[in-house]
Protein chains: 2
Amino acid sequence: MSHALITYFKQISQLSTSSEEALKALIQIQSIPKNQDLQHIAQTCKTLYFLKTGLARIYYFHDGNDVTEGFYEPFCLIARAESLFAGAPSKKAIQVLEDAEVWSISTQELSALYDDHRDIERLFTRLFERAYVQTIQRIENLQFHTADERYQLLAQEQSEVLRRVPLKYIASYLGITQVSLSRIRAKKS
Amino acid sequence: MSHALITYFKQISQLSTSSEEALKALIQIQSIPKNQDLQHIAQTCKTLYFLKTGLARIYYFHDGNDVTEGFYEPFCLIARAESLFAGAPSKKAIQVLEDAEVWSISTQELSALYDDHRDIERLFTRLFERAYVQTIQRIENLQFHTADERYQLLAQEQSEVLRRVPLKYIASYLGITQVSLSRIRAKKS
DNA sequence: AAGTTAATTTAACATTTGATAAGTGGATTT
DNA sequence: AAATCCACTTATCAAATGTTAAATTAACTT
């Protein structure tokens, strides 16, 4: 029986049949109601998440302000890498923005497979490489674009977010205030 | 005979003696004069660099403006990951900011070692993980700090850069104009 | 040392964004 | 339906940053 997440993985990197089975055995699925945290602030990241349906964000608090670090759509790897790689508590939380079905994989169980399943190790190396490249592109975006341009880019790349996410979350993601974002929107129409 | 870069690598991740020798055989060293590009724009990233001495930056052009993406000190991995992982030409260049001695490793030769030397593969996975985490931290910095705060943070984390690098490069790294940076500096004294 | 170029600072003004507060509209509760 | 809450917009003013140009300083050449 085919598994949608495994099918997605195989597009990224080859998997032997035995690796496919071993990996499939690790994948858990759960339903999470809107606005609930998948992982709380101060927890150490030991689980990788992938949405089957819904929408999520990673956020943290800066000077008491809620700051959205990123938005995540189905099939996208969701992890707080800075915590995972260091084995240290994260100051960030993962929150589901709509009722969602979520696949999760324990990193401990996953890395136990690496010795016998090199293709699995390479798959996840690739998944993190992709996440890394997106992060690099986001820096370019923040570094030399105006707030207006950053908004346009988000509209191009994650247009669903604009339709489904409260304005305040979008504003902090763009590095501006809610009021400023509202002004930018007003100019367009 | 010990090799300073290998010694550094072994602090990051264990290496067997045979892996150490195999890796050492790939490392080239060259002297590069100040202001020269180590890699030009439009080249595909196929080499990893580490400074033995000197200082470097990655830069690109945005609307005709020279934008510095990052500064690199000795022993730090220098690579244009977005090009390397995709196998596509980079729009970025690597430039040496002072006369420098540079170690380089061909990624093609390196990945040929991965099958027989899993510890080498894991070492470089770790090096890229570290680079990834730095990138994540840089986003936090750009997203919710004022220009002034970003300047202070650079002063803390890479104070050498402030002393040794032309102002215009620092300004674009911080995402502001040279004039604005000059004003920020003036306020402090 | 004089001349030339590059790097940095300063000034003046325009634009963007932040901060605060008030207003509007829609949804939910009772 | 009234009351309440929440999301979003609008208005006003202050602060930060961009733009352009000129002035100063430092570095390099001859």
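The chains referred to below are lettered A, B, ... by the order of the sequence lines, with proteins before strands, and numbering in each begins at 1. The structure displayed is predicted, hence computed values, not measured ones.
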Next item on the list: Report the residues that fulfil side chain to side chain donor-acceptor pair (under 3.5 Å) with B/Asn141, sequence neighbours left out, ordered by chain and then residue number.
Entry: none
Margin query: Expected output is a numbered-order residue list: members of residues 173-182 of chain B with a heavy atom under 4.0 Å from any atom of DNA chain D. What is it?
Written below: B/Gly175, B/Ile176, B/Thr177, B/Val179, B/Ser180
Notebook entry, point to check: Mind checking what makes side-chain contact (heavy atoms from CB on, under 4.5 Å) contact with B/Thr177, not counting sequence neighbours?
Noted result: B/Val179, B/Ser180
Notebook entry, point to check: For B/Pro89, which residues count as a side-chain contact (heavy atoms from CB on, under 4.5 Å) partner, sequence neighbours excluded?
Noted result: B/Thr44
Item checked: Contact boundaries on DNA chain D for chain B, cut-off under 4.0 Å to non-hydrogen atoms -> D/dT17 to D/dT20
Notebook entry, point to check: Distance-only, no hydrogens or angles: does the B/Ser111 side chain make a donor-acceptor pair with backbone N or O of B/Thr107 under 3.5 Å?
Noted result: yes
Note to self: So, using side-chain contact (heavy atoms from CB on, under 4.5 Å) as the criterion, who are the partners of A/His40 when residues are at least two apart?
What the structure shows: A/Asp37, A/Gln43
Margin query: My understanding is that a hydrophobic cluster links ILVMFWY residues whose side chain heavy atoms are under 4.5 Å apart, including indirect links. Using that, what else belongs to the cluster containing A/Ile41?
Written below: A/Tyr59, A/Phe61
Next item on the list: Could you tell me which residues satisfy side-chain contact (heavy atoms from CB on, under 4.5 Å) with A/Glu149, sequence neighbours excluded, listed by chain and number?
Entry: A/His145, A/Thr146
Next item on the list: Report the end-to-end axis angle of the helix from C/dA1-D/dT30 to C/dT30-D/dA1; each axis comes from five terminal pairs, and the value is rounded to 10°.
Entry: 30°
Sort me out a list of protein N/O and nucleotides 22-26 of chain C N/O pairs below 3.5 Å, or just none if empty.
none

Next item on the list: Go through residues 153-171 of chain A and report each residue with a non-hydrogen atom lying under 4.0 Å from DNA chain C, sorted by number.
Entry: none
Check: B/Thr53 side chain to B/Glu101 main-chain N or O, any donor-acceptor pair under 3.5 Å?
Finding: yes
Notebook entry, point to check: Which ILVMFWY residues can you reach from A/Ile58 by hopping between side chains whose heavy atoms are under 4.5 Å apart?
Noted result: A/Ile32, A/Leu38, A/Tyr49, A/Leu51, A/Tyr72, A/Ile78, A/Ile94, A/Val96, A/Val102
